[in-house]
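Heads up, the thing below is written out as structure tokens.
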Amino acid sequence: MEPRRDERLRQLFQNLEIGIGGVSSSLGVSQRQLRYWEQKGYIKPIDEKSGVRHYSLATVYLIAFIKDQLDKGYTLDAAVKNSKEARARSRIARELIGSAFDDIEIIDADKGYGKIELDLKESENHPALRILGIIDENGRHFEVKEK
DNA sequence: ATTCTGACA
DNA sequence: TGTCAGAA
């Protein structure tokens, strides 16, 4: 079966590898630092035994995150710890938000205004509710209505 | 030309 | 962490 576009992109990103030189110059992290972080077990190159370090896109993101944290004054240990918490948070947020949203209605594409409805089923504890998340001229807010 | 490891005026 | 050497 012919893969869909997003699936192809996913595979492309999955297979992208970037050398230590590119990562270093692009992100402003020295090769010395990258090797040290690896030694500490914080990052891992793709090909363990080839002798030359190639990083996955996911690892590059992690490196960029740690770099940001360091720039903000965190220690390396704290930066790594924060990265794990950030990953856990976004994983939960994505799963929750991704499944809960029924539809996104665009109010004003140029201004970024829109409306989103959460799909809440009725239960013993509460009636069926419509919860609307809205971004408009009043900022971000929610509206709750009974069905 | 790049990257690797190991060492430290 | 930087930097330099000597090898791959």
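This structure is a prediction, so every number in the text was calculated from the model and none was measured. Numbers restart at 1 for each chain; the letters A, B, ... are given by sequence-line order, proteins then strands.
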Value in whole Å for how far the [atom2] atom of [N] lies from [atom1] of [X]:
| X | N | atom1 | atom2 | answer |
| --- | --- | --- | --- | --- |
| A/Q33 | B/dC4 | CD | C1' | 17 Å |
| A/Y36 | B/dA7 | OH | C1' | 16 Å |
| A/Q31 | C/dT3 | CD | C1' | 12 Å |
| A/I20 | C/dT1 | CD1 | P | 13 Å |
| A/D77 | C/dT1 | CG | P | 10 Å |
| A/Q39 | C/dG2 | CD | P | 14 Å |
| A/L34 | B/dC4 | CG | P | 10 Å |

As its Watson-Crick or G-U partner within any shown strand, both distances under 3.5 Å, B/dG6 has C/dC4

Should A/K67 and A/D71 count as an ion pair when the cut-off is N to O under 4.0 Å? yes

Taking atom types as modelled, find out whether A/R35 and A/Q31 have a side-chain donor-acceptor pair closer than 3.5 angstrom. yes

Below 4.0 Å: OP1/OP2 of [N] and any side-chain N or O of [X]:
| X | N | answer |
| --- | --- | --- |
| A/S30 | C/dT1 | no |
| A/R32 | C/dT3 | no |
| A/R35 | B/dC4 | yes |

Just by distance, do the side chain of A/S90 and the backbone of A/R87 share a donor-acceptor pair under 3.5 Å? yes

Closest contact, heavy atoms only, A/V80 versus A/S83: O-OG, 2.6 Å

